[in-house]
Amino acid sequence: SSDLAVILAAVLVLFEGLAWVGPSTPRASDVSEASFVEALRQGDMEQAFAFIRAGHDPNVPVTFRDQVLTGGRDIRIAPLLIAVAFNRDDSVAMLMGYGARLDAPGNRFAVCLATRMEHEEIAAAITRDGGPAAQRATCPAPSPPSDAPLLAYVE
């Protein structure tokens, strides 16, 4: 069983160390939203962290499209839900560690999505570490299984 707190601590130490020894902090204009979304999709923690370190708010929805998850439609969705959809526990930990709040409108369905997609470890970790908002999450009625799963959680 993955322990989100341990992962979060390791991720924070790793990326703070990279920030300390690495090149100067990138400017927000140097890190595109599209590269951030692709980093979350691929599990590229360094690129995903660069987006947050450049000053982007992890609670602000980003444009995302996926043939399966969104039915090929462009949607605006919270980065945390993208990390959950791809079962990226390290990305979930990084986003939560750097300010993704479960009481933010786009993030409030993170536990619901993790449960629906059968990512039980992520659902348990978010519930455990996400504070009161995670424990009182109310999930929308599930759409039919053939529907793109992220469409039920777009706000």
Side-chain angles (χ1 to χ4, degrees), residues 2 4 7-8 11-12 15-16 19 25-155:
S2 175
L4 188 60
I7 293 171
L8 175 59
V11 167
L12 294 176
F15 288 113
E16 288 302 324
T25 301
R27 295 182 313 267
S29 61
D30 293 340
V31 185
S32 74
E33 182 178 284
S35 65
F36 176 54
V37 168
E38 191 57 28
L40 291 174
R41 180 189 306 266
Q42 300 298 324
D44 181 345
M45 290 299 297
E46 188 172 338
Q47 184 65 34
F49 179 68
F51 188 79
I52 301 302
R53 199 172 85 204
H56 293 279
D57 184 343
N59 296 298
V60 174
V62 294
T63 301
F64 177 73
R65 176 186 3 201
D66 183 86
Q67 280 308 115
V68 174
L69 297 172
T70 70
R73 292 178 43 197
D74 281 341
I75 62 170
R76 298 281 297 166
I77 195 156
L80 183 61
L81 271 66
I82 297 170
V84 168
F86 284 99
N87 202 19
R88 305 284 188 205
D89 57 353
D90 51 354
S91 296
V92 169
M94 184 270 297
L95 290 167
M96 289 177 67
Y98 282 96
R101 296 179 337 272
L102 294 179
D103 60 350
N107 293 331
R108 68 188 179 115
F109 297 131
V111 172
C112 303
L113 179 62
T115 301
R116 178 175 181 184
M117 298 192 76
E118 300 179 355
H119 302 320
E120 289 87 9
E121 289 183 15
I122 286 181
I126 292 170
T127 300
R128 182 186 64 238
D129 300 333
Q135 291 154 11
R136 65 174 181 265
T138 302
C139 299
S143 54
S146 62
D147 287 353
L150 280 180
L151 296 181
Y153 306 106
V154 175
E155 294 190 80

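Atoms considered below: every heavy atom in the structure, side chains included; atoms not considered: hydrogens, waters and symmetry mates. Quick caveat: nothing in here was measured; it's all calculated off a predicted structure.
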Identify the two heavy atoms, one from P58 and one from P79, that lie closest to each other, and give their separation to 0.1 Å.
-> O-CD, 3.4 Å

Which atom names give the shortest non-hydrogen contact between L40 and A48, and what distance separates them?
-> CD2-CB, 4.2 Å

Can you spot which of F51, F49, F64 makes a ring pair (Phe, Tyr, Trp, His ring centres under 6.0 Å) with F36?
-> F51

Tell me, do V154 and T70 make a side-chain contact under 4.5 Å, heavy atoms counted?
-> no

Here the gap from M94 atom CE to E46 atom CD, rounded to the nearest 0.5 Å, amounts to 11.5 Å

Specify the closest pair of heavy atoms between G71 and A148, including all atoms of both residues, with the distance to one decimal.
-> N-CB, 3.2 Å

Within a strict 4.5 Å, meaning less than it, do heavy atoms of the V84 and I126 side chains meet?
-> yes

Considering non-hydrogen atoms only, spot the tightest contact between E118 and E120 and give its length.
-> O-OE1, 2.8 Å

Check whether any side-chain N or O of Q47 sits under 3.5 Å from a backbone N or O of S35 as a donor-acceptor pair, and report yes or no.
-> no

Which heavy-atom pair separates A104 from N59 by the least distance, and what is that distance?
-> CB-OD1, 3.6 Å

CD1-CZ distance between I122 and R88, expressed to the nearest 0.5 angstrom = 9.5 Å

So do the side chains of V62 and I82 get within less than 4.5 Å of each other, counting heavy atoms only?
-> yes

Inter- and intrachain pairs under ring pair (Phe, Tyr, Trp, His ring centres under 6.0 Å), touching residues 99-125, at least two apart = F109-Y153

For the residue pair G72 and Q67, what are the closest heavy atoms and their distance?
-> CA-OE1, 3.4 Å

For the atom pair OG (S91) and CZ (R41), what is the distance rounded to the nearest 0.5 Å?
-> 12.5 Å

Neighbour count above 12 (heavy atom, 6.0 Å) for R76 CZ | yes

Can you tell me how far the CZ atom of R101 sits from the CG atom of L80, to the nearest 0.5 Å?
-> 12.0 Å

Mind checking whether D44 and E38 have side chains closer than 4.5 Å, heavy atoms only?
-> no

If you measure from CD1 on I75 to OG1 on T63, what distance do you get to the nearest 0.5 Å?
-> 9.0 Å

If we only count heavy atoms from C-beta on, is the R73 to L150 side-chain gap below 4.5 Å?
-> no

dist I52:CD1 -> D57:CG (nearest 0.5 Å) comes out at 7.5 Å

